[in-house]
Enquirer: 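Before I ask anything, let me first share the structure, which is written out below as structure tokens.
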Amino acid sequence: MSSLARGLMKQKRKDIVDNNQLPSLSELVADENLKLENGNLTSVPEPAPAVFDNADEIWKQYHSFKESQFTSIKVNDIQVYCRWPSKSTSPVYVMNHGAGSSSMTFAKATEELITKCPDVGVVVYDMRGHGMSPNPSGDYSLNTLVADFSDVISFVKANTNNSLYLVGHSLGGAVAARYGATTTDRQLKGLVLLDIVEEVAIKSLTSMPQFVHNRPKHFSSITQAIHWHMENLLHNIESARLSVPDLLIPDKLTWKTDLAHTQPYWSTWFENLSSNFVNFQGPKLLVLSTHETLDKQLMIGQMQGKFQMVAFNNSNETGHFVHEDLPRHIAATLLDFVKRNENPSKFMEDELGIKPLWGGAIHK
């Protein structure tokens, strides 16, 4: 679902369901915060850590994370944060955020990815007019956003020959899907959409003006800003500490991105999203924060086995920002997506306990 709707309210979730297969089942079941009940994975609620009362400590943690985890660089005025892979066989995840968000929405997911698999590469960036990327022209058209994305991909390819996997949340998913559907680049191995369905996203646009009008114009403190996000958009305080500071001008605590300026482009952002996704030639994964109503094209594509789908319906509160709310689950899902597509035989043996017979002596 689009951030243009799901971000408007909190929603309770119960368990995790994968319409094809539970992601990294062996790994997730081993997680002390998860338990297996009646074949479904459910989360054991964790005590929520207290919000830092010290604003200086919040800003310190935010800056420290960016400096320690990424190399910062500008690509045609687009702010890019890179963590290059340490092995030639390791994948690189190129992640793109949604409208009104920023690269740091993937902070905790990145942290979980490199904890589980330290050799992977991660590249995140701020879309124009978001985070640290300016947008003097005020152009937020999908074509322009895709052109920026293409520049980022070209930069990544100039620095590594490793396999690339595109990960897009909400509007970022629409951008990644459009780019993926129009390229024949063999280095691009997979496409992942996070909580975005075309039909639902388009319908949600009707509620967007009210959301933009009602959200605070500024905050009195960074702790108040985090509190507002926890009350309205997010469910993971540790992620909020890293993502929320990136959304605000530090000395004013006003929004870096004025969503009202993007309104002329809303109607075209999600056009042909489903066809772009389904027509991508490589492996595809659709991750939803809950059971979502798929549009006709996605339903047909799913029945034909054209993409993998994972739907989270977790006992912890989970919303549209599923990668922030459940970063460990998302990291495990992304890593499994690569494993099952780059080395299916090893995936089947390691994760499912099934040893494939193809390619053995019977074929010699």
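The first residue of the sequence shown is numbered 1, and numbering continues consecutively from there.
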Enquirer: Can we call the ring centroids of Y140 and H261 under 6.0 Å apart?
Expert: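 Here the rings of H261 and Y140 have centres that are no less than 6.0 Å from each other.
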Enquirer: Which pair of non-hydrogen atoms, one from N162 and one from S90, has the smallest distance, and what is that distance?
Expert: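 Scanning both residues, the minimum pair turns out to be ND2-O, 2.6 Å.
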Enquirer: Give every residue pair that meets the side chain to side chain donor-acceptor pair (under 3.5 Å) criterion with at least one member in residues 212-222, sequence neighbours excluded.
Expert: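 Residue pairs with at least one partner in residues 212-222: S220-Q224, S221-T223.
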Enquirer: If the condition is salt bridge (Lys or Arg N to Asp or Glu O under 4.0 Å), which residues does D185 pass it with, not counting sequence neighbours?
Expert: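 In terms of salt bridge (Lys or Arg N to Asp or Glu O under 4.0 Å), with neighbours along the sequence ignored, D185 is linked to K157.
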Enquirer: Looking at residues at least two apart in the chain, or sitting in another chain, which of them share a salt bridge (Lys or Arg N to Asp or Glu O under 4.0 Å) with K66?
Expert: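 K66: salt bridge (Lys or Arg N to Asp or Glu O under 4.0 Å) contacts with D246.
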Enquirer: Find the distance between CD (Q69) and SG (C82) and round it off to the nearest 0.5 Å.
Expert: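 Answer for the CD-SG pair, Q69 versus C82, is 13.5 Å.
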Enquirer: May I have the step-by-step check of side chain to side chain contact (heavy atoms under 4.5 Å, CB included) for L294 and V197, ending in yes or no?
Expert: CA-CA 7 Å; L294 302 182; V197 172; 4.3 Å; yes
Enquirer: Tell me every residue that passes side chain to side chain donor-acceptor pair (under 3.5 Å) with D295, counting only those two or more places apart in sequence or in another chain.
Expert: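 By the side chain to side chain donor-acceptor pair (under 3.5 Å) rule, D295 matches S274.
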Enquirer: Hey, could you give me the CG/CG distance between N96 and L166, rounded to the nearest 0.5 Å?
Expert: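 Here the interatomic distance stands at 9.0 Å.
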Enquirer: Go through the structure and list residues passing ring pair (Phe, Tyr, Trp, His ring centres under 6.0 Å) with Y93, not counting sequence neighbours.
Expert: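 Y93 satisfies ring pair (Phe, Tyr, Trp, His ring centres under 6.0 Å) with no residue once adjacent residues are dropped.
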Enquirer: Report the residues that fulfil side-chain contact (heavy atoms from CB on, under 4.5 Å) with Q281, sequence neighbours left out, ordered by chain and then residue number.
Expert: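 Residues passing side-chain contact (heavy atoms from CB on, under 4.5 Å) with Q281: none at all.
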Enquirer: Between H320 and H169, is the gap from one ring center to the other below 6.0 Å?
Expert: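 So the answer is yes for these two rings.
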Enquirer: Got a sec, which pairs hit salt bridge (charged side-chain N to carboxylate O under 4.0 Å, His left out) with one end in residues 259-268, sequence neighbours left out?
Expert: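 Matches after skipping sequence neighbours: none remain.
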Enquirer: For the pair H130 (side chain) and R128 (backbone), establish whether a donor and an acceptor sit closer than 3.5 Å, ignoring hydrogens and angles.
Expert: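 Yes.
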Enquirer: Would you find a donor on one side and an acceptor on the other, under 3.5 Å apart, between the side chain of T105 and the backbone of S243?
Expert: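 Not confirmed, T105 side chain does not pair with S243 backbone.
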Enquirer: M95 and L113: side chain to side chain contact (heavy atoms under 4.5 Å, CB included), yes or no, with the steps?
Expert: CA-CA 12 Å; M95 303 184 177; L113 276 171; 3.5 Å; yes
Enquirer: With sequence neighbours left out, write down each residue that passes ring pair (Phe, Tyr, Trp, His ring centres under 6.0 Å) with F155, or none if nothing qualifies.
Expert: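 Partners of F155 under the ring pair (Phe, Tyr, Trp, His ring centres under 6.0 Å) test: W84.
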Enquirer: I'd like to check the salt bridge (Lys or Arg N to Asp or Glu O under 4.0 Å) partners of E111; sequence neighbours left out, ordered by chain and number.
Expert: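 K108.
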Enquirer: Report the residues that fulfil ring pair (Phe, Tyr, Trp, His ring centres under 6.0 Å) with F65, sequence neighbours left out, ordered by chain and then residue number.
Expert: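 F65 satisfies ring pair (Phe, Tyr, Trp, His ring centres under 6.0 Å) with no residue once adjacent residues are dropped.
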Enquirer: Pairs in or reaching into residues 174-184: which pass side chain to side chain donor-acceptor pair (under 3.5 Å), with residues at least two apart or in two chains?
Expert: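 The answer is N143-R178.
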Enquirer: Under a 4.5 Å cut-off applied to non-hydrogen side-chain atoms, are L286 and F277 in contact?
Expert: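 Result yes, sub-4.5 Å side-chain heavy-atom pair found.
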Enquirer: Cut-off 3.5 Å, side chains only: do D325 and N236 have a donor facing an acceptor?
Expert: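 Absent: no donor and acceptor within the cut-off.
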Enquirer: Between V120 and V92, does the side chain to side chain contact (heavy atoms under 4.5 Å, CB included) criterion hold? Intermediate values first, please.
Expert: CA-CA 6 Å; V120 302; V92 178; over 6 Å; no
Enquirer: For D126, what residues pass the salt bridge (Lys or Arg N to Asp or Glu O under 4.0 Å) criterion, not counting sequence neighbours?
Expert: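 For D126, no residue satisfies salt bridge (Lys or Arg N to Asp or Glu O under 4.0 Å) once neighbours in sequence are set aside.
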Enquirer: Okay, side chain of W255, backbone of P216: is any donor-acceptor separation there less than 3.5 Å?
Expert: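 At least one qualifying donor-acceptor pair exists.
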Enquirer: Any chance you could lay out the side chain to side chain contact (heavy atoms under 4.5 Å, CB included) test for Y125 and F149, step after step, and finish with the verdict?
Expert: CA-CA 9 Å; Y125 77 98; F149 188 70; 3.1 Å; yes
Enquirer: Take atom NZ in K74; do more than 12 heavy atoms of anything else shown fall under 6.0 Å from it?
Expert: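 Yes, enclosed.
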Enquirer: Has the side chain of Q79 got a donor or acceptor atom that lies under 3.5 Å from a matching backbone atom of S133?
Expert: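 No, because the side chain of Q79 does not come within donor-acceptor range (under 3.5 Å) of the backbone of S133.
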